[in-house]
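These notes are about the structure you will find just below.
In each ligand, atom 1 is the first atom listed, and ligand 1 is the first ligand listed. The figures here come from the full heavy-atom set of this structure, side chains too, leaving out hydrogens, waters and symmetry mates. Since the structure is predicted, the reported quantities are computational estimates derived from the model, not experimental observations.
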Amino acid sequence: MVKTLAISAVHINVRGVVQGVGFRPFVYQLATKYNLKGWVCNTSEAVKIEVEGEAEAIERFLLALQKQAPPRASIEDITTTHYSPANYEGFEIRHSMAEEGKYQLISPDIATCQDCLKEILNPDDRRYRYPFTNCTNCGPRFTIIKDIPYDRPLTTMNRFKMCPECQREYDDSLNRRFHAQPNACPKCGPTLELVDNQGTSTNSTDTITATSKLLREGKIIAIKGLGGFLLACDATNQVVINRLRQRKVRPSKPLAIMASSIEEVKKHCYVSDEEEILLASPHSPIVLLKWRAGSSVSSAVAPNLKYLGVMLPYTPLHHILLRETVLPLVMTSGNLSEEPIAKDNDEAIQRLKDIADYFLMHNRDIYVRYDDSVTMVERGVTQLVRRARGYAPHPIHLPFKSRQILACGAEEKNTFCLTREHHAFVSQHIGDMENLETMEHFENTISLYQRLFRIEPTIIAHDLHPEYLSTKYAQELAATSDDIRLVPVQHHHAHIVSGMVDNAVETPVIGVALDGTGYGSDGNIWGGEFLVADYQRFTRMAHLEYLPLPGGATAIKKPYRIALSYLLSLLGEDALKQDLPFLEQIDRTETGIIRKQIEKKINSPLTSSCGRLFDAVSALIGVRGEIDYEAQAAIELEMLAYNEVNETDYYPFSIIEQDGISIVKLQDLFSALIDDLQSKTIKATMAAKFHNTIAQMIKALCQDISTRTNITQVVLSGGVFQNRLLLRKTVSLLEDGEFTVFTHRQVPCNDGGISLGQAVIANFASQ
Ligand SMILES: [Zn+2]
Ligand SMILES: [Zn+2]
Ligand SMILES: [Zn+2]
C-alpha cells in the first residue's frame with residue numbers, strides 16, 4: 001500500500017546579514033537533511049528560498065534556519081508564503097538576481113577563523129602559509145564589494161580565476177568554502193610582493209620571512225591589509241618608533257600595536273574577560289587596555305599614557321608575520337598625519353615612500369578604505385571610539401521607520417549616515433575633513449553606500465557650522481536639485497540624539513553633551529551643554545559660562561593661552577601676580593597680545609566648552625601647555641588623576657540663573673586651584689579633584705533639571721566622555737542619585753557619532 005503524504009510548498013524571504021557568510025550552503029545542507037526540494041538564491045534584497053516537501057519537515061527546516069544559522073549571519077526577519085507546488089526534482093543553488101531598488105545588508109570584513117588558521121599553520125595543508133586564505137566564515141567582504149548582489153564578478157576578486165581544486169571547494173555544498181566568493185589558494189589567488197621605497201622588487205622568494213627579518217632589523221614596512229596600508233615596526237625599539245614618528249609627522253599621538261596572541265597581549269597589558277573576548281572576536285578591533293609596568297613595549301608607543309591600543313592578527317598574513325617576527329609590532333595607519341589611509345599600491349608608494357623603508361604589497365585590490373576600529377570596555381560594555389573595520393557597514397537599528405536621508409556628519413572624525421526603513425548606515429570612520437584626499441574619500445564612500453543600499457536621499461542633514469566642509473558639501477548638493485531639502489542640525493542636539501538611538505531611547509532625556517567645539521544656535525562655541533532633548537527639538541537648560549578663547553584655533557593648540565585667558569577673565573590681573581609656574585611658558589609679548597585680544601574682543605570667540613576647561617586646568621597646574629595631538633592636555637590630566645584615583649574631594653563652583661538658563665560659574669574653581677598651587681599640592685591630587693568637580697557639576701545640574709522637568713533618564717555624549725575616569729565617576733554619582741544613565745555603545749561618543757543623530761533629527765524635522 002502506498003501512503004500519500006501531503007506536500008506543502010513555501011516561499012521564504014530571509015533578510016539581514018545573510019550574504020557572504022555561508023548562508024546559501026547552509027540552506028542547501030539543511031534542505032537536503034530534511035529531504036526538501038526547491039532552490040535558494042541571493043537577490044539584491046534578501047536570500048530567497050522555495051522548499052517543497054512534508055509539512056512537518058518544512059516546519060523543522062524553518063526552525064533550524066533561525067536556530068542553526070552560520071556564526072557570522074545575523075537574521076533580521078523571515079517571511080513565508082505558501083504557493084502551489086512546482087514539483088521540483090532536487091534542491092539547487094540558483095544564480096543571483098539583482099532586483100531594481102531592493103537592498104540587502106553587507107557583512108563587514110571578518111577576522112581569520114580558527115579553521116583557516118589551522119590550515120595556514122599546517123605544513124601538510126595546501127594553504128600552508130598562504131596569506132589570502134579565507135572561507136565563508138572569515139575574510140574580506142565589504143572592502144572588496146563594488147555592487148550587489150555579493151558575488152565574485154562584482155568584487156575585486158573577479159580578476160582571479162579559481163584553479164580546479166578551489167572551484168571544487170566552491171561547488172561542493174559540504175565544503176566550508178562552498179560559494180565563498182574570495183576563495184583562493186597559492187595556485188590561483190593573490191600573491192605578495194616585497195618592494196623597496198622606489199617600488200623596485202626585492203625579488204624575495206619568501207616575502208614574509210624577508211619582511212620579518214627587516215622588521216627585526218629596525219626597518220619601517222608599509223603592509224597592505226584589508227582596508228589600506230598599515231605602517232609596521234618593532235614596538236620594542238624606541239629608535240625606530242621615533243624615526244616613524246618623525247617621518248609621519250606625529251610627534252606623540254599614541255600608536256596601536258599588534259601582538260601575536262592573547263598570551264603575548266597579557267605580557268604587556270591587563271586583560272579582563274570582556275576585553276579578551278573582544279580582542280579575539282571576528283571584529284578584531286584595537287582595544288584600549290591598561291598597560292603593565294615592565295612591558296617591553298617602548299614608552300615611545302604611547303608617551304605619558306597608561307592605556308595601550310592593542311589588536312590581534314586579523315588576516316592570515318598578520319598571523320604568519322607576527323609568529324615569525326616574535327615581537328609585538330607597531331601597526332598604524334599608512335598616511336601622513338591626518339590624510340586618509342593609503343589603499344592602492346601605486347598610491348601607497350607615492351604617498352608613503354618617505355615614511356616606509358619597504359612595502360609588502362599584494363595584487364588584490366581594495367575597493368574602499370577601511371581603518372582599524374578602536375574600542376574600549378568600560379563597566380563591562382564595549383564602546384566604539386573609532387568605528388570602521390569589523391563593524392561598518394552593519395547598520396544601527398532604528399526604533400522607527402525612517403525616510404531616506406543623508407546626514408553629512410561633523411568636521412573631525414567624520415562619518416556620514418544614510419538611512420532607509422529601520423536601518424541607519426553609519427559609514428566607517430572617514431577622518432578629519434581638512435584636505436582634498438579626505439573629501440574625496442567622503443564623496444566616494446557616500447556614493448558606494450548609496451549604490452550598495454539603494455538609497456536616494458531627498459533630505460540632507462548637516463551641522464550648523466557654516467565653515468564645515470561637510471556643511472558646504474550638503475549645500476552644494478542641495479543646490480543641484482529642487483527636490484532636496486536641507487536640515488541644519490545643532491551639534492550637541494545631534495550628539496544627544498545619537499546617544500538616544502544608540503540605546504533605543506525614544507522619550508525625552510536630559511542630555512549632557514561635553515566636547516571641545518560645536519557651533520551653537522547663538523553663534524558662540526558650545527561644548528559644556530545640558531539639554532532637554534528628544535528627536536524633534538532641544539532646550540538648552542544649562543551650560544558652562546562663556547569665556548574668551550584668544551586666537552581661536554591657536555588657543556586650542558596652546559592650552560596655556562586658554563589658562564591665561566580664563567584666569568584673567570575670572571580673577572583679573574591680580575591672578576597673574578601670583579607665582580604660577582605655567583606663566584613661565586609665555587613670554588611678555590605673547591601675554592600682551594593675549595591680554596589685548598581679550599580686552600578688545602579681537603579674534604576671541606566665546607566658548608562654553610568643557611574640553612577647553614580641561615585644557616585650561618591642564619596647563620594651569622603644569623601638566624601640558626602645548627599639544628601636538630587633539631585633546632592631549634586633557635588626556636594627560638586624566639592619566640595623572642589615576643594616581644590619586646581614591647580622592648573624593650572636589651573644588652567649589654556656583655550655578656546662577658540667567659534668563660531661565662542655569663550658568664555654571666567657574667571663578668571659585670579657579671581660585672581654589674590657585675590656592676592649591678600656592679600650597680604646593682601635588683598635581684595628581686589637583687587632577688583628581690578637578691575630575692570629581694566635573695562629575696559633581698553634572699550631578700548638580702541633572703538634579704536641577706530633573707526637578708524642573710521630572711525627567712530621570714540621562715544621556716552622556718560628546719568627546720569628553722572618552723575620559724574613562726570622568727565617565728566612571730559621573731555614572732556612579734548619577735546612578736546613586738537614581739538616574740537612569742545611557743552611554744554610547746555602537747557609535748562613538750565623539751564626533752564620529754554625530755551623523756546618526758543628525759539623520760534621526762532630520763527624519764522628524766517638520767516639512
Ligand atoms: Zn575561515
Ligand atoms: Zn586555487
Ligand atoms: Zn562634538
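Residues Leu418 and Ile446 come closest through the heavy atom pair CD1-O, 4.1 Å. For the residue pair Gly390 and His283, the shortest heavy atom distance occurs at O-ND1, 2.8 Å.
For the ring-ring contact (aromatic ring centres under 6.0 Å, His included) criterion with His493, the lone passing option out of Phe764, Tyr535, Phe538 is Phe538. Looking at Tyr314, Tyr391, Phe142 one by one, the single match for ring-ring contact (aromatic ring centres under 6.0 Å, His included) with Tyr370 turns out to be Phe142.
Nearby protein atoms of type N, O or S around the Zn ion (ligand 3) amount to 4 (distance under 2.8 Å).
Contact check on Asp115 versus Arg127 returns no salt bridge, with no Lys/Arg side-chain nitrogen under 4.0 Å from an Asp/Glu carboxylate oxygen. Between Asp534 and Arg537, at least one side-chain nitrogen of the basic residue sits less than 4.0 Å from a carboxylate oxygen of the acidic one, meeting the salt-bridge criterion.
For the pair Arg364 and Phe132, the NZ or CZ position fails the cation-pi test of under 6.0 Å to the six-membered ring centre and within 45 degrees of the ring normal.
For the Zn ion (ligand 1), protein N, O or S atoms closer than 2.8 Å were enumerated as Cys113 SG, Cys116 SG, Cys135 SG, Cys138 SG, with waters left out. Protein N/O/S atoms found under 2.8 Å from the Zn ion (ligand 2): Cys163 SG, Cys166 SG, Cys185 SG, Cys188 SG.
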Legend entry - Verdict with supporting geometry, Phe614 and His691, ring-ring contact (aromatic ring centres under 6.0 Å, His included): CA-CA 9 Å; Phe614 268 86; His691 277 77; 5.4 Å; yes
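Between the side chain of Asp502 and the main chain of Arg745, a donor-acceptor pair closer than 3.5 Å is present. Side-chain atoms of Thr730 never come within 3.5 Å of backbone atoms of Ala695 as a donor-acceptor pair (strictly under, hydrogens ignored).
For Tyr170 and His179, the ring centers are positioned less than 6.0 Å apart.
With sequence neighbours left out, Asp125 forms a side chain to side chain donor-acceptor pair (under 3.5 Å) with no residue at all.
Classified by interplanar angle (parallel below 30°, tilted 30° to 60°, perpendicular above 60°), the ring pair His495/His491 is perpendicular.
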